[in-house]
Enquirer: 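Pasting in a structure now, in structure tokens, and then I'll have a few things to ask.
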Amino acid sequence: YLPVIIEACGEDQLSYEYRHGATSHGAFTFSLASILGRGKPLSFEDLVKATGRQLQDLGYAQNPAILGPGEILKYDVPWTAG
């Protein structure tokens with residue numbers, strides 16, 4: 001058994017904070033939640049890719065990573081499935 005593991009960044013990178021006014025969030029968590037909040041079906045792989053693109057758009061040098069069985073990573077994230 002190998003679970004799906006989603007990491008905020010690669011092991012040779014730093015994970016950054018995102019400030020929204022007076023509130024601080026992890027940049028990865030903020031991006032991931034905003035993409036999931038769109039309510040569109042996404043595979044685990046697509047979710048991590050979209051999160052990485054959003055982090056780049058926000059100006060963060062941080063690339064999320066995902067690990068898990070190849071077949072499972074192609075499945076839709078359960079709560080996004082139509």
Side-chain angles (χ1 to χ4, degrees):
Y1 174 77
L2 179 64
V4 173
I5 300 170
I6 301 175
E7 300 173 323
C9 62
E11 63 184 65
D12 60 339
Q13 297 178 325
L14 298 174
S15 180
Y16 295 97
E17 290 292 311
Y18 171 78
R19 291 210 182 276
H20 185 72
T23 306
S24 182
H25 307 275
F28 169 77
T29 303
F30 175 82
S31 296
L32 184 85
S34 72
I35 290 166
L36 287 172
R38 295 176 189 164
K40 296 183 180 182
L42 287 167
S43 70
F44 287 101
E45 288 178 323
D46 291 340
L47 173 62
V48 171
K49 287 177 188 175
T51 302
R53 283 191 301 271
Q54 183 165 324
L55 284 166
Q56 296 301 314
D57 291 346
L58 290 171
Y60 294 101
Q62 176 178 338
N63 299 308
I66 188 167
L67 173 68
E71 188 65 28
I72 301 297
L73 300 182
K74 294 176 184 4
Y75 290 176
D76 282 347
V77 176
W79 55 89
T80 68

Enquirer: Please tell me whether Phe44 and Ile5 are part of a single hydrophobic cluster in this structure, the criterion being side-chain heavy atoms less than 4.5 Å apart.
Expert: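 No, no single cluster joins them.
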Enquirer: Which value, rounded to the nearest 0.5 Å, describes the distance between Asp76 atom CG and Leu42 atom CG?
Expert: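 These two atoms lie 7.5 Å from each other.
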Enquirer: Distance-only, no hydrogens or angles: does the Ser31 side chain make a donor-acceptor pair with backbone N or O of Phe28 under 3.5 Å?
Expert: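 Side chain of Ser31 to backbone of Phe28: no pair is present.
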Enquirer: Any side-chain heavy atom of Leu32 sitting closer than 4.5 Å to one from Gln54?
Expert: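 With C-beta onward as the side chain, the pair stays apart.
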Enquirer: Minimum heavy-atom separation for Thr51 to Pro64, with atom names?
Expert: CG2-CG, 4.1 Å
Enquirer: Is there a side-chain contact between Cys9 and Asn63 (heavy atoms, below 4.5 Å)?
Expert: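 No - every pair of side-chain heavy atoms lies 4.5 Å or more apart.
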Enquirer: Search all heavy atoms of Gly26 against all heavy atoms of Glu17 and return the closest pair with its distance.
Expert: N-OE1, 3.8 Å
Enquirer: So, do Pro69 and Tyr75 sit near enough that their side-chain heavy atoms are less than 4.5 Å apart?
Expert: no
Enquirer: Using side chain to side chain contact (heavy atoms under 4.5 Å, CB included), reason through Val4 and Leu67 one step at a time and then give a plain yes or no.
Expert: CA-CA 6 Å; Val4 173; Leu67 173 68; over 6 Å; no
Enquirer: Treat each ILVMFWY residue as a node, draw an edge where side-chain heavy atoms are under 4.5 Å apart, and state whether Ile6 and Leu2 are in one component.
Expert: no
Enquirer: Arg19: which residues meet the side chain to side chain donor-acceptor pair (under 3.5 Å) condition with it, sequence neighbours left out?
Expert: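 Arg19 satisfies side chain to side chain donor-acceptor pair (under 3.5 Å) with no other residue.
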Enquirer: Heavy-atom distance under 4.5 Å between the side chains of Ile66 and Leu73, does that happen here?
Expert: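 Ile66 reaches Leu73 side chain to side chain.
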Enquirer: Check the orientation of Phe30 and His25. Use parallel for under 30°, tilted for 30 to 60°, and perpendicular for over 60°.
Expert: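 Ring orientation, 0 to 90° scale: tilted.
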Enquirer: Is a donor on one side and an acceptor on the other found under 3.5 Å between the side chain of Gln62 and the backbone of Tyr16?
Expert: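 Yes, the answer is positive, given that a donor and an acceptor are paired below the 3.5 Å cut-off.
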Enquirer: Closer than 3.5 angstrom, by distance alone: can the side chain of Glu45 be matched with the main-chain N or O of Lys49 as a donor-acceptor pair?
Expert: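 No; judged by distance alone, with no hydrogens or angles, the pair does not exist.
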